[in-house]
Amino acid sequence: MTAVTYDLLIIGGGINGCAIAREASLLGLKVLLIERDDLAAHTSSASTKLIHGGLRYLEYYEFKLVAEALRERERLVNAAPHIIRPLTFVLPQENSLRPWWMLRIGLYLYDFLGGKMSLARSRGLRRSDTAYTAPLKGGRSGFVYSDAQVDDSRLTVLNAMDARDNGAEIVTGIALESARREGGVWRASLSDGRTVEARAMVNAAGPWVHLLLERLGVNAKSNVRLVKGSHIVVPKLYEGDHAYILQLPDRRIIFAIPWQGQTEIGTTDIPVDAPEDAKIDASEISYLCDAINTHFIKQISPADVTATWSGVRPLYDDGASEAKEVTRDYVLELDTSGPPLLSVFGGKITTARHLAEEAMGKLGPAIGVQPHQVTRMRVFPGGAIAGFDHFLAQVRLTWPFLGDARSARMAHAYGAMLGEMLHGVKDEAGMGRDLGGGLTEIEVRWMRDREWARSAADALDRRSKVGLTLNAAERSTFEHAWTALA
């Protein structure tokens with residue numbers, strides 16, 4: 001059988017792999033992306049769900065990273081307004097950790113590095129900010145600034161959808177069995193029995209980046225440091241749609257963020273030995289509960305935790321002594337000892353688009369392609385809406401039977417694509433059966449047919465995240481319904 005030849009074979013369907021697939025397909029390359037599990041199955045669905053510059057990175061002099069991330073934040077807020085929304089952060093002042101003047105200068109610098117931006121700039125807490133200060137134990141001194149919240153796994157899927165719509169082939173549930181350089185191309189065997197050839201390959205395997213290089217027999221110049229970040233979810237700690245960034249006695253910071261009617265708390269920084277170590281442990285839960293209890297009037301315990309998630313971040317090892325100090329910047333390593341191989345070390349959700357642009361800037365010339373800017377001003381699928389509040393009002397007027405909660409969730413998830421999904425649907429009956437968690441047949445079929453969902457977990461835990469609110473019995477009911485639907 002003759003092998004199919006691609007310009008680019010990408011290994012890994014996390015945010016970086018999918019962003020590179022999008023960038024490359026828009027440059028006109030023939031792209032194949034393979035993912036052995038699900039899109040965003042691991043680290044890319046286990047983030048803190050933020051699009052942010054990284055205020056704390058300023059303390060480690062990561063000025064370039066912060067500036068780049070803030071520019072990307074502005075682009076992403078405009079490119080995906082359905083899944084990315086501005087979020088106000090409250091930073092209580094703790095003089096025993098960092099003096100007031102240091103935080104004020106840091107926030108001025110944060111605003112300056114962001115350049116022209118649509119989000120509100122930082123300011124000090126005011127007497128009138130009682131909604132921000134009332135839940136806290138401490139005084140009324142502190143600051144307010146802006147970043148944004150994102151549905152991380154849906155952003156990954158939207159990158160893949162845009163890549164597919166521009167000719168890329170995205171395949172999940174397929175692993176790379178072997179690959180070798182042969183006759184000026186990469187010749188790869190896939191777990192579905194196919195053999196493909198590619199002029200270049202991208203190693204976007206995330207925490208498995210080094211393991212893949214070992215399998216390929218390629219020596220890496222860069223090293224990866226695996227750091228686990230865990231989060232917990234508890235019943236709502238406070239009223240309001242703002243978030244908190246809290247300073248801890250060990251000089252780390254954690255976030256408390258509104259999440260699906262509850263409060264998300266995270267993250268930890270725990271060095272681990274293997275990508276499979278992405279599981280929260282009791283000490284992390286206690287650490288996060290203690291951190292909240294230091295700052296909030298309302299106290300919590302491990303018994304209050306309703307959900308958790310953990311991800312292993314493949315950080316570029318810059319030699320920092322502590323996990324919290326390791327750079328969140330990325331390194332792209334290009335091996336041209338034969339057909340090109342580009343390996344991705346590090347990276348974060350916010351800078352994935354920029355990483356992809358830089359990746360093609362490195363890789364393009366090696367395969368005779370002149371890269372140019374194709375995604376900087378490009379809207380993601382579903383993002384062509386004139387303001388989310390206005391769009392949501394239109395959704396509720398057009399499909400009143402969705403109800404307030406479901407209409408908000410679906411408007412956020414699909415944006416302008418909702419019109420295509422619900423075309424011709426006039427009433428509740430047109431949605432099909434309710435399979436659980438507010439997910440009906442029409443939506444689940446969309447996830448399966450358009451978004452690569454191959455299992456109940458794909459639909460519950462990544463495409464919708466309603467799985468975080470289902471009990472065991474409800475989850476079992478959905479799993480049976482999914483099997484019957486398939």
Side-chain angles (χ1 to χ4, degrees), residues 49 80-86 149-155 157-158 161 165 233 235-236 239-241 258-262 306-307 379-486:
K49 325 300 183 196
H82 52 318
I83 64 165
I84 299 174
R85 62 201 91 166
Q149 189 172 33
V150 67
D151 186 329
D152 49 8
S153 52
R154 289 210 65 82
L155 182 61
V157 169
L158 292 185
M161 292 179 75
D165 292 346
V233 179
K236 185 188 295 186
E239 296 300 321
D241 56 4
W259 180 252
Q260 295 190 349
Q262 303 185 79
T306 61
V379 174
F380 282 97
I385 58 177
F388 182 78
D389 291 341
H390 176 70
F391 174 68
L392 179 58
Q394 289 181 313
V395 167
R396 288 172 171 167
L397 184 64
T398 306
W399 301 287
F401 53 86
L402 291 177
D404 287 350
R406 187 167 57 175
S407 63
R409 179 184 63 75
M410 294 182 74
H412 275 303
Y414 306 105
M417 293 185 291
L418 196 57
E420 183 180 352
M421 181 193 296
L422 301 183
H423 179 71
V425 176
K426 303 296 184 184
D427 52 29
E428 182 71 25
M431 302 289 290
R433 289 180 300 138
D434 187 336
L435 306 184
L439 297 177
T440 58
E441 285 188 64
I442 195 169
E443 184 177 2
V444 171
R445 289 184 188 278
W446 173 280
M447 295 176 184
R448 184 193 64 186
D449 298 340
R450 300 288 298 273
E451 298 182 352
W452 300 277
R454 298 180 301 112
S455 70
D458 296 346
L460 291 176
D461 301 333
R462 287 173 286 279
R463 302 306 182 280
S464 69
K465 290 193 170 69
V466 302
L468 289 175
T469 63
L470 299 184
N471 59 38
E474 292 169 331
R475 192 177 184 95
S476 178
T477 298
F478 183 91
E479 289 170 349
H480 283 97
W482 171 276
T483 302
L485 190 67

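What you see is a predicted model; the values in this text were computed from it and never measured. Computation of the quantities below employed the complete heavy-atom set of this structure, encompassing side-chain atoms and omitting hydrogens, waters and symmetry-equivalent molecules.
Atom-to-atom distance recorded for Lys49:NZ and Trp259:CH2 is 5.5 Å, nearest 0.5 angstrom. To the nearest 0.5 angstrom, Met410 atom CE is 11.0 Å from Met417 atom CE. Rounding to the nearest 0.5 angstrom, the gap separating the CG atom in Leu392 from the CG atom in Leu397 is 11.0 Å. Here Leu155 contributes atom CG and Ile83 contributes atom CD1; the two are 4.5 Å apart, rounded to the nearest 0.5 Å. Rounding to the nearest 0.5 Å places CG of Leu418 at 4.5 Å from CH2 of Trp399. Note: Leu435 CG to Arg445 CZ = 9.0 Å, rounded to the nearest 0.5 Å.
The minimum heavy-atom distance linking Phe380 with Ala80 is given by the pair CD1-CB, 4.0 Å. Nearest heavy-atom pair across Leu439 and Met447 is CD2-CE, 3.9 Å. Across every non-hydrogen atom of Phe401 and Arg406, the tightest pair is O-NH2, 3.5 Å. Between Ser407 and Val395 the shortest heavy-atom distance is CB-CG1, 4.2 Å. When all heavy atoms are compared, the tightest approach of Pro258 to Gly240 is CG-O, 4.1 Å. In terms of heavy atoms, Leu468 sits closest to Ala307 at CD2-CB, 3.8 Å.
Side-chain contact check for Leu422 versus Thr398: every heavy-atom pair is 4.5 Å or farther apart. Within the 4.5 Å cutoff, the side chain of Val466 has no heavy atoms near those of the Gln260 side chain. The closest side-chain heavy-atom distance from Trp482 to Val444 is below 4.5 Å.
Enclosure of atom CG in Asp165 by more than 12 non-hydrogen atoms of other residues, nucleotides or ligands within 6.0 angstrom is indicated.
Arg154 places a side-chain N or O within 3.5 Å of a backbone atom of Ala413 that can act as its donor or acceptor partner. Not a single donor-acceptor pair under 3.5 Å links the side chain of His390 to the backbone N or O of Ile385.
Pairs passing the salt bridge (charged side-chain N to carboxylate O under 4.0 Å, His left out) check and including a residue from residues 408-424, sequence neighbours excluded, read Arg409-Glu443, Glu420-Arg450. Legend: salt bridge (charged side-chain N to carboxylate O under 4.0 Å, His left out) pairs involving residues 388-401, not counting sequence neighbours, sorted by first then second residue: Arg396-Asp404.
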Margin query: Could you go through Leu460 and Glu474, starting from their C-alpha distance and side-chain angles, then the distance that decides it, and tell me whether this counts as side chain to side chain contact (heavy atoms under 4.5 Å, CB included)?
Written below: CA-CA 11 Å; Leu460 291 176; Glu474 292 169 331; over 6 Å; no
As a quick check of understanding, evaluate side chain to side chain contact (heavy atoms under 4.5 Å, CB included) for His82 and Tyr414, giving each step before the final call.
CA-CA 7 Å; His82 52 318; Tyr414 306 105; 5.8 Å; no
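Remark: of the listed residues Arg85, Arg463, Lys465, Arg462, Lys465 is the sole one forming a side-chain contact (heavy atoms from CB on, under 4.5 Å) with Asp151.
Note on ring orientation: taking the six-membered ring where Trp is involved, the planes of Phe388 and His412 are parallel (angle under 30°, cut-offs 30° and 60°).
In this model, a donor atom of one side chain and an acceptor atom of the other lie less than 3.5 Å apart for Gln262 and Thr306.
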